[in-house]
S.K.: 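One structure follows; several queries about it will come next.
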Number of protein chains: 2
Amino acid sequence: MATTETTAGTPRRGGRGARERILRAAVELFARDGIHVTGIAKLTDTAQVSTRTFYQHFPSKEALVSAYLQRVESDPEGPVHGESVLERSDLGARERLLALFADSAPTQVVRGCPLHNAAVEAAGTMPEATALVERHKKELTERLIKTAAEAGAREPETLGRRLAVLFEGANALSTSLNSALPYQDARGLAAMLIDQATGAS
Amino acid sequence: MATTETTAGTPRRGGRGARERILRAAVELFARDGIHVTGIAKLTDTAQVSTRTFYQHFPSKEALVSAYLQRVESDPEGPVHGESVLERSDLGARERLLALFADSAPTQVVRGCPLHNAAVEAAGTMPEATALVERHKKELTERLIKTAAEAGAREPETLGRRLAVLFEGANALSTSLNSALPYQDARGLAAMLIDQATGAS
DNA sequence: CCGCAAGTATACCGATCGCTTTACTTTGCT
DNA sequence: AGCAAAGTAAAGCGATCGGTATACTTGCGG
């Protein structure tokens, strides 16, 4: 016996898809607990990944934050997937605008929009994250304006921008108040605005 | 010469009003950079206060956070002083509601509402901060509803809650977008809602 | 005028931060 | 079968975190 002397190793952890598990852990922990309070150790524990492997996939925590934001942005199962209703071709423009507000409440559990939250935490540090969130919200506003135009709104620019404020307000106030009620208020007001802008010529 | 051997001490720092200086530093740093990224060292440096003195005034950083939030809430020079227009007796109810949105833009430089931002950072940790922000936003909503009633709104509950969402939305979107534009949109929409709810019987 | 509260500097505590390193093992592909 | 890619464990890096301790000095009120 003692073929190789070093019998120590028993490396059974998560297995092959390390990067994916890391990103999933990031979505779970960053969105729920925040970015600053989530350390690398908690991340690697959750992802079932060694520290080494982590840094082979992401050069730094900040790089993971950027990847996390992009994932959140595009993940069809992620916490902001509700925004994708604006792209659905089986719905009329008016219905898409309404659906954005109808769908957002159940999705957003309690903690508002993860992208906005990241922008709050990013502040001075993490300029890449700040820029990414800024871009996302700009694009969302543009999509809202376009959809408002499709819906035949009299002033699509105004309606789109107002709906953007409203959407962000529902998310943010639900965080501050620890309640989902603001979504109802936003939904009601959105419906009114849309009707008013597209209604009786 | 050598009267007392110990010639070391040259303790000239900020002087007597330590607590006040600490709170001022907290308002400046927490609001601008965030809570988690602001360490005790930066705080004491800015406040011109020794570590010891700091902990004689506040038992922990979390205690300072609570004191900071209360200060922000009530400070007539602070970043949320704009909300106090709702209390002004020299203005009519309608004017007060409009003034809230008119005044908020210049006050809020770029970083939204410090209370909401604190709620985002507080998340799981800092339950006291979470509760304080929740209370503040509830009270703000109540004041909005009362003022809406005074202004003769047909459904003051609805109008007040919608204005609360709008106000939070302007603050939050200005953070996400790094721009003051959302305040304009919120102001326009608020004016419309108020006119509509109080206007032509 | 003097005592004492309020302030000062500074070194240090254990813990955790983000990150690196060394040495090793498993897995999938050809 | 064999080899590179991808994974593992674990020790440890310097820095910083929130917080404590020791020892000293000042300014104001009775």
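Only this structure's heavy atoms are used, side chains among them; waters, hydrogens and symmetry mates stay out. Naming convention: chains lettered A, B, ... in sequence-line order (proteins, then strands); numbering from 1 in each chain.
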S.K.: Partners of E20(A) by side chain to side chain donor-acceptor pair (under 3.5 Å), sequence neighbours excluded?
M.R.: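 In terms of side chain to side chain donor-acceptor pair (under 3.5 Å), with neighbours along the sequence ignored, E20(A) is linked to R24(A), R71(A).
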S.K.: Is E142(A) salt-bridged to K146(A), cutoff N-O under 4.0 Å?
M.R.: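 Looking at E142(A) and K146(A), the cut-off is not met.
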S.K.: How long is the line joining CG of L43(B) and C1' of dC17(D), in whole Å?
M.R.: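 Distance check: L43(B) CG to dC17(D) C1' gives 13 Å.
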S.K.: Verify, without hydrogens or angle tests, whether H81(A) (side chain) and G78(A) (backbone) share a donor-acceptor contact under 3.5 angstrom.
M.R.: yes
S.K.: Specify the separation, in whole Å, of atom NZ of K42(B) and atom C1' of dG18(D).
M.R.: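 Spelled out: NZ on K42(B) to C1' on dG18(D) is 15 Å.
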S.K.: Determine whether more than 12 heavy atoms belonging to other residues, nucleotides or ligands lie under 6.0 Å from atom CD of E139(B).
M.R.: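 Counting other residues, nucleotides and ligands, CD of E139(B) exceeds 12 neighbours.
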S.K.: Consider the side chain of Y55(A), meaning its heavy atoms from C-beta on, and name the nucleotide among dG18(C), dT8(D), dG18(D) that approaches it most closely.
M.R.: dG18(C)
S.K.: Can you tell me how far apart CG (L144(A)) and CG (L100(A)) are? Round to the nearest 0.5 Å.
M.R.: 6.0 Å
S.K.: Taking only heavy atoms on the protein side, list every residue of residues 27-40 of chain B lying under 4.0 Å from any atom of DNA chain D, sorted numerically.
M.R.: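 Within residues 27-40 of chain B, the residues near DNA chain D are T38(B), G39(B), I40(B).
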S.K.: Round to a whole Å and report the spacing from CZ of F58(A) to C1' of dT20(C).
M.R.: 18 Å
S.K.: Atom CG of D45(A) to atom C1' of dT16(C): distance rounded to whole Å?
M.R.: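 The distance from CG of D45(A) to C1' of dT16(C) comes to 14 Å, rounded to the nearest Å.
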S.K.: Please tabulate, one pair per line, each protein N/O and nucleotide N/O from nucleotides 11-13 of chain D that are separated by under 3.5 Å, including the distance.
M.R.:
none

S.K.: I'd like to know if D185(A) pairs up with R162(B) as an ion pair, taking the criterion as any Lys NZ or Arg NE/NH1/NH2 lying under 4.0 Å from an Asp or Glu carboxylate oxygen.
M.R.: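 Between R162(B) and D185(A) there is no salt bridge, as every charged N stays at least 4.0 Å from the carboxylate O atoms.
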S.K.: Output yes when at least one side-chain N/O atom of T53(A) is less than 4.0 Å from OP1 or OP2 of dT8(D), else no.
M.R.: yes
S.K.: To the nearest angstrom, how far is K61(A) atom NZ from dC17(C) atom P?
M.R.: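 Interatomic distance, NZ of K61(A) to P of dC17(C): 8 Å.
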S.K.: Hydrogens and angles aside, do S176(B) and E168(A) bring a side-chain donor and acceptor to less than 3.5 Å of each other?
M.R.: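 Side chains of S176(B) and E168(A): pair found under 3.5 Å.
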S.K.: More 5' along DNA chain C: R52(A) or A41(A), using each one's nearest nucleotide?
M.R.: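 Looking at DNA chain C, the more 5' nearest nucleotide goes with A41(A).
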S.K.: Give a yes or no on this: more than 12 heavy atoms of other residues, nucleotides or ligands lie within 6.0 Å of atom CD of E150(A).
M.R.: yes
S.K.: In whole angstroms, how far is the C1' atom of dA10(D) from the CZ atom of F54(A)?
M.R.: 18 Å
S.K.: Hey, is the side chain of H57(A) poking within less than 4.0 Å of OP1 or OP2 on dG7(D), counting only N and O atoms?
M.R.: yes
S.K.: Does the side chain of L69(A) reach to within under 4.5 Å of the side chain of H136(A), using non-hydrogen atoms?
M.R.: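 Result no, sub-4.5 Å side-chain heavy-atom pair not found.
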S.K.: Rounded to whole Å, please give me the gap between CD in E20(A) and P in dA6(D).
M.R.: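 So the two atoms are 16 Å apart, to the nearest Å.
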S.K.: Using atom CD of Q56(B) as one end and atom P of dA23(D) as the other, report the distance to the nearest whole Å.
M.R.: 16 Å
